[in-house]
Number of protein chains: 2
Amino acid sequence: MSATDQKQSPDTRERILDVAELLFMQHGFEATSMRTITGRAGVNLASVNYHFGSKEALIQEVFRRRLTWLNRERLRELDRLEREAKGAPLKPHLIVEAFFGVALRMAADTEHGGHTFMRLLGRTYTEPTEFVRNFLAEEYSAVVERFKEALIKALPGVPREEILWRFHFMLGAMSYAISGTDALKLVTECELDEKDPGALARRLMPFLLGGLRAPLAEPQAKQKNARKAA
Amino acid sequence: MSATDQKQSPDTRERILDVAELLFMQHGFEATSMRTITGRAGVNLASVNYHFGSKEALIQEVFRRRLTWLNRERLRELDRLEREAKGAPLKPHLIVEAFFGVALRMAADTEHGGHTFMRLLGRTYTEPTEFVRNFLAEEYSAVVERFKEALIKALPGVPREEILWRFHFMLGAMSYAISGTDALKLVTECELDEKDPGALARRLMPFLLGGLRAPLAEPQAKQKNARKAA
DNA sequence: GCTCGTTTCAAACAGGTGTTTGAATCATAC
DNA sequence: GTATGATTCAAACACCTGTTTGAAACGAGC
């Protein structure tokens with residue numbers, strides 16, 4: 001009604017988003033029904049359609065709510081770095097820290113749902129559903145473009161393809177680490193998740209940088225792969 | 001009926017498994033209905049319950065069918081390496097190549113469905129559904145135990161925790177790379193997927209090894225001094 | 001011919017899905 | 001007070017889900 005119409009239905013919308021975020025993280029999109037969401041949130045079943053229009057739109061809003069902030073923060077960091085560098089190419093580790101550091105810091109925030117969201121996001125990277133993938137790609141396109149550029153400028157002599165693939169691999173390592181599923185029960189013995197939220201970053205970041213800086217493989221002469229033990 | 005009762009219903013069972021594998025990979029478990037599976041496979045709706053018992057059992061069989069072979073192959077490789085080493089600790093890169101190499105070779109096989117299956121498997125690592133996670137963990141437990149042991153022996157001086165985490169990170173990088181979703185549309189410009197199936201391995205393996213061997217982070221505030229891994 | 005165990009089939013079952021509806025409630029402005 | 005728009009609510013909608021059923025078809029062995 002008034003110019004500042006953000007405050008309409010102060011509770012319901014936010015409570016739906018919070019509950020949906022948690023349940024989507026725990027059970028996935030398809031396995032989470034609107035009845036479960038609204039039931040857990042203590043609101044009427046119809047209210048999610050009233051406030052968001054559809055389940056699909058709700059899913060998108062769950063992401064948009066935090067993703068725009070996350071990516072804006074990433075760009076702010078990159079802007080700052082490039083401003084300070086005055087045109088000189090950035091050191092790769094600074095770029096990596098800008099991109100993944102923001103995410104890891106958000107993942108370390110267990111108070112305001114950042115942790116929950118990042119686990120959800122990590123899972124969603126491998127989400128098959130088409131509209132989710134398209135939505136994510138669009139939401140990320142600007143950030144990805146900028147960081148790609150920066151990395152390519154920071155690593156002259158390394159083939160562009162190779163850089164993109166390693167960015168890809170870094171993303172995979174992070175998303176799996178953050179999503180925290182640990183399908184193979186590898187690190188369940190190490191508790192640490194709750195105690196020190198920065199611990200994951202201190203473990204992951206060296207791994208990412210080590211992978212990024214690894215020597216390139218021998219360009220396999222032609223196509224047929226000879227069995228070689230090196 | 002006879003002692004070799006494997007050949008019963010030669011078509012139906014296998015066709016269901018093939019179609020289910022593909023559809024699960026493309027759309028996920030929940031989003032793939034039995035009617036879609038049986039329809040696409042050209043068999044009756046009831047036949048999946050007849051042959052497998054339930055959808056859940058079908059999912060497990062889709063995995064078991066290839067996973068037992070995959071993990072047996074991994075153990076065979078590791079056995080061979082340890083036999084040749086005669087009790088001496090293995091070089092880390094050999095262990096990594098044994099574990100991930102088998103998977104990458106299977107992912108490179110587009111003829112017999114290995115590619116499809118590995119993409120499905122990569123996705124399933126982050127699958128929220130509980131029974132799938134439990135099933136995977138059990139199916140992997142022996143292999144994981146052996147490779148953990150080998151890596152710990154191969155990297156004396158590196159804290160056990162750190163090794164497990166890096167194994168975890170490597171798994172994430174591989175599963176994301178293999179599942180091939182590329183949620184952020186990072187490497188879509190590089191085609192290469194079809195042309196040379198070994199290319200992914202040649203790109204991924206150096207990344208994994210670089211990550212594994214990366215220097216450990218400075219222990220924040222307290223604890224021991226920094227060391228180099230491997 | 002017949003029998004018997006296996007496999008297929010169409011139909012139905014019980015319950016869950018996202019969404020819509022139209023009346024009831026609430027809050028605010030006049 | 002009443003009028004107005006925003007929100008909530010219980011009920012129903014049409015459709016899809018995995019599973020079951022009992023009869024039909026098949027394929028050997030005799």
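Chain naming here is simple, since letters A, B, ... match the order of the sequence lines and numbering starts at 1 in each.
Legend: residues meeting salt bridge (Lys or Arg N to Asp or Glu O under 4.0 Å) with A:R105, ordered by chain and number and at least two apart, are absent. Every residue two or more places apart in sequence or in another chain was checked for a salt bridge (Lys or Arg N to Asp or Glu O under 4.0 Å) with A:E30, and none qualifies.
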Going by atom type alone, with no hydrogens or angles, which donor-acceptor pairs under 3.5 Å involve a side-chain atom of residues 36-48 of chain B and a protein atom two or more places apart or on another chain?
{"from": "B:T36", "atom 1": "OG1", "to": "B:S33", "atom 2": "OG", "distance (Å)": "2.7"}
{"from": "B:T38", "atom 1": "OG1", "to": "B:M34", "atom 2": "O", "distance (Å)": "2.8"}
{"from": "B:T38", "atom 1": "OG1", "to": "B:R35", "atom 2": "O", "distance (Å)": "3.4"}
{"from": "B:N44", "atom 1": "OD1", "to": "B:A46", "atom 2": "N", "distance (Å)": "2.8"}
{"from": "B:S47", "atom 1": "OG", "to": "B:N44", "atom 2": "O", "distance (Å)": "2.5"}

May I have the list of side-chain donor-acceptor pairs in residues 138-145 of chain A shorter than 3.5 Å, sequence neighbours left out?
{"from": "A:Y140", "atom 1": "OH", "to": "A:R74", "atom 2": "NH1", "distance (Å)": "3.3"}
{"from": "A:Y140", "atom 1": "OH", "to": "A:Y125", "atom 2": "OH", "distance (Å)": "2.7"}
{"from": "A:S141", "atom 1": "OG", "to": "A:E138", "atom 2": "O", "distance (Å)": "3.1"}

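With respect to B:R133 and B:E127, no salt bridge is recorded, no charged nitrogen being found less than 4.0 Å from a carboxylate O.
Between the CZ atom of A:R13 and the P atom of D:dT7 there is a distance of 10 Å, given to the nearest Å. A straight line from CZ of A:R15 to C1' of D:dT7 spans 14 Å, rounded to a whole angstrom. Rounding to whole angstrom units, NE2 of residue B:H27 and P of D:dC16 are separated by 16 Å. Computed from coordinates, the A:D11 CG to D:dA6 P distance equals 19 Å when rounded to whole Å.
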(request) Heavy atoms under 4.0 Å is the rule here; annotate nucleotides 11-21 of chain C 5' to 3' with B where the base is hit, S where only the sugar-phosphate is, and - elsewhere. (result) -B----BBBBB
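Of the side-chain N and O atoms in A:H51, one or more sit less than 4.0 angstrom from OP1 or OP2 of D:dT8. Between B:T12 and the phosphate of C:dT7, there is no side-chain N or O to OP1/OP2 separation shorter than 4.0 Å.
Listed by first then second residue, pairs satisfying salt bridge (charged side-chain N to carboxylate O under 4.0 Å, His left out) with a partner in residues 48-69 of chain A read A:R13-A:E61, A:E14-A:R65, A:D18-A:R65, A:E21-A:R65, A:E21-A:R66, A:E61-A:R64, not counting sequence neighbours.
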